[in-house]
Amino acid sequence: MRKQRENFDTEKKKGIFNKKRVIAVIAVFLLVAVMVFSNPEVRQFFLETKDVNVSFQAGADYEAVVFGKEMLLVNKDGIRAIDRKGRESWSIVMPNTAPSLDKADKYILLADLNGTSVNVYEKDKIISQIKTEREILSAKLNKNGYVAVATDELGYKGSVTVFDKNGTDIFKWSSGSGYIGDIDISPKKKLAVAQLMTDKDEAYSRIMIIDTSSDKEAKCIAEVDGLVMRLQYKDNGGLIAVSDTAVHGFKKNGKIDFKIDFGGRCLEGFNIENKGNMVLAFDGGLNNSVLESYSSNGKLRGTYETKGEMTAFDVNGECILSASRTGIARVTPSGKEKNRVEVSRDVKKMKIFPGRNEALIIGSGSAEIVKIK
């Protein structure tokens with residue numbers, strides 16, 4: 001009986017020892033993991049990267065645009081679509097001098113600014129081909145395949161022509177008072193036009209709304225300081241205008257909704273594509289940049305100061321990525337840095353894939369897809 005008890009005690013001690021050993025091993029593993037992932041120089045080896053299997057021309061200027069689950073690479077040769085693994089899915093050959101791409105639902109528009117060609121595609125299938133008589137200033141697309149094209153016009157400061165999805169012109173408006181800047185067309189075929197006006201030594205913009213389905217004259221909804229660089233209709237029929245001095249939001253009826261004043265700061269870039277997370281980038285004055293996130297009604301959500309000179313940034317939903325020479329930071333709309341990783345090359349441009357866990361990073365002559373958690 002005594003011997004059995006001694007054997008039991010021995011086995012019990014072994015069990016306790018085994019448990020302690022397991023706990024010790026786990027503790028050591030966790031300690032090593034913390035040391036590894038807290039060290040930026042080590043952590044970068046755990047950053048998953050995929051080379052993009054598309055040849056890049058050295059010195060060529062590429063734009064990246066998200067289209068469904070794919071990424072479109074646009075340059076002077078045309079469009080190439082790549083998947084999440086960096087493989088080319090399809091391509092469009094359209095030589096041009098100054099490519100301008102717009103997308104809406106299943107349609108893609110590729111226009112040659114300073115040229116006379118506008119093509120509309122459904123993926124890589126061409127839907128319509130438009131040739132203009134005069135030089136193209138801007139071209140936009142709505143989700144029904146209708147196209148608005150602004151061009152030079154003899155005797156006027158410019159004109160805007162609307163084409164249906166077959167490429168047939170159905171409406172034309174000419175500007176006699178101001179040069180045409182950016183334009184946009186809503187799903188209901190309403191035109192928004194920014195006119196550049198001058199008054200002595202001062203320049204301002206006039207924002208016009210034109211209903212192409214009626215005989216009503218063009219309506220001026222606002223006159224704003226500076227040059228309007230971007231007009232964009234929202235899903236609810238409202239309109240956003242970005243100038244070099246402020247962002248103006250308008251309701252569906254044309255009434256002012258909000259104004260984000262820059263206060264004299266220098267705007268470096270902007271992204272107004274995301275509902276509730278519009279991001280503006282300003283010069284921080286200390287060889288850095290300041291990113292500001294705004295809600296859909298123009299309320300400031302958060303501010304983030306970059307660590308060093310920012311070379312690129314992108315926004316997808318609530319995810320904000322900021323690239324500098326020290327790496328890529330993932331930032332929340334409240335301005336909190338959630339994660340930071342280092343990359344082996346200078347980042348010229350980047351675009352976040354749908355899902356927000358992967359991004360296309362474009363360098364001087366190559367690209368890679370990185371996974372950032």
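The figures here come from the full heavy-atom set of this structure, side chains too, leaving out hydrogens, waters and symmetry mates. We count residues from 1, following the sequence as given.
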Closest non-hydrogen atom pair, [X] against [Y]:
{"X": "A111", "Y": "A139", "value": "CB-CB, 3.8 Å"}
{"X": "S159", "Y": "S174", "value": "CB-OG, 3.6 Å"}
{"X": "A281", "Y": "M310", "value": "CB-CE, 3.8 Å"}
{"X": "D225", "Y": "D244", "value": "O-OD1, 4.3 Å"}
{"X": "P187", "Y": "N144", "value": "O-ND2, 3.1 Å"}
{"X": "A64", "Y": "L73", "value": "CB-CD2, 4.2 Å"}

K103 NZ/CZ over F67 ring centroid, <6.0 Å and within 45° of normal
no
Do the non-hydrogen side-chain atoms of [X] and [Y] ever get within less than 4.5 Å of each other?
{"X": "L110", "Y": "V74", "answer": "yes"}
{"X": "D257", "Y": "K255", "answer": "no"}
{"X": "R340", "Y": "I328", "answer": "no"}
{"X": "V242", "Y": "L267", "answer": "yes"}
{"X": "K219", "Y": "I210", "answer": "no"}
{"X": "F313", "Y": "N271", "answer": "yes"}
{"X": "L191", "Y": "V160", "answer": "yes"}
{"X": "E135", "Y": "E153", "answer": "no"}

Distance alone, cut at 3.5 Å: any donor-acceptor contact between the side chains of [X] and [Y]?
{"X": "N297", "Y": "S295", "result": "yes"}
{"X": "E292", "Y": "Y294", "result": "yes"}
{"X": "K336", "Y": "Y304", "result": "no"}
{"X": "E309", "Y": "S324", "result": "no"}
{"X": "N288", "Y": "T306", "result": "no"}
{"X": "Y121", "Y": "N119", "result": "yes"}

Test salt bridge (charged side-chain N to carboxylate O under 4.0 Å, His left out) applied to D83 and K85, R87, R80, the passing residue
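Answer after filtering K85, R87, R80: R87.
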With rounding to the nearest 0.5 angstrom, report the [atom1] to [atom2] distance, [X] to [Y].
{"X": "L239", "Y": "I221", "atom1": "CG", "atom2": "CD1", "value": "5.5 Å"}
{"X": "E63", "Y": "S100", "atom1": "CD", "atom2": "OG", "value": "9.5 Å"}
{"X": "E133", "Y": "T116", "atom1": "CD", "atom2": "OG1", "value": "10.0 Å"}
{"X": "N316", "Y": "K351", "atom1": "CG", "atom2": "NZ", "value": "8.0 Å"}
{"X": "F282", "Y": "F262", "atom1": "CZ", "atom2": "CZ", "value": "4.5 Å"}
{"X": "F163", "Y": "D169", "atom1": "CZ", "atom2": "CG", "value": "5.5 Å"}

Just wondering, more than 12 heavy atoms not from [X] lying within 6.0 Å of its [atom1]?
{"X": "F353", "atom1": "CZ", "answer": "yes"}
{"X": "K76", "atom1": "NZ", "answer": "no"}
{"X": "K251", "atom1": "NZ", "answer": "no"}

Give the table of side-chain donor-acceptor pairs shorter than 3.5 Å for residues 211-218, with sequence neighbours excluded, one pair per line with atom names and distance.
from, atom 1, to, atom 2, distance (Å)
D211, OD1, S213, N, 3.0
T212, OG1, K189, O, 2.6
S214, OG, K216, N, 3.4

Residues [X] and [Y] bridged, charged N to O under 4.0 Å:
{"X": "K259", "Y": "D261", "value": "yes"}
{"X": "K234", "Y": "E273", "value": "no"}
{"X": "E337", "Y": "R330", "value": "no"}
{"X": "E223", "Y": "R206", "value": "yes"}

Is there a side chain to side chain contact (heavy atoms under 4.5 Å, CB included) between R325 and D346 once you walk through the steps?
CA-CA 7 Å; R325 302 192 185 281; D346 289 341; 3.6 Å; yes
Quick check against the 3.5 Å criterion: does [X] have a side-chain atom that pairs as donor or acceptor with the backbone of [Y]?
{"X": "K140", "Y": "I183", "value": "yes"}
{"X": "D102", "Y": "L141", "value": "yes"}
{"X": "D164", "Y": "Y146", "value": "no"}
{"X": "N166", "Y": "T168", "value": "no"}
{"X": "N142", "Y": "S186", "value": "yes"}

Would you please test V341 and V370 for side chain to side chain contact (heavy atoms under 4.5 Å, CB included) and show each step?
CA-CA 10 Å; V341 294; V370 299; over 6 Å; no
Going hydrophobic residue to hydrophobic residue with side-chain gaps under 4.5 angstrom, can you get from [X] over to [Y]?
{"X": "L300", "Y": "M278", "answer": "yes"}
{"X": "I126", "Y": "L72", "answer": "yes"}
{"X": "V149", "Y": "L109", "answer": "yes"}
{"X": "Y62", "Y": "V66", "answer": "yes"}
{"X": "M229", "Y": "I272", "answer": "yes"}

Could you please spell out the steps behind the side chain to side chain contact (heavy atoms under 4.5 Å, CB included) verdict for I260 and H248?
CA-CA 7 Å; I260 303 170; H248 302 264; over 6 Å; no
Using atom types as modelled, flag every donor-acceptor pair under 3.5 Å from a side chain in residues 90-99 to any protein atom, sequence neighbours excluded.
from, atom 1, to, atom 2, distance (Å)
W90, NE1, E70, OE1, 3.1
N96, ND2, M94, O, 2.7
T97, OG1, D112, OD1, 2.9

Quick one: do I207 and V193 satisfy side chain to side chain contact (heavy atoms under 4.5 Å, CB included)? Show the steps, please.
CA-CA 6 Å; I207 300 175; V193 180; over 6 Å; no
Qualifying residue, where the test is side-chain contact (heavy atoms from CB on, under 4.5 Å) with I352 and the options are L360, I320, D314, N357
D314
Hey, mind stepping through T311 and K348 against side chain to side chain donor-acceptor pair (under 3.5 Å) and telling me if it holds?
CA-CA 6 Å; T311 58; K348 301 296 184 183; over 6 Å; no
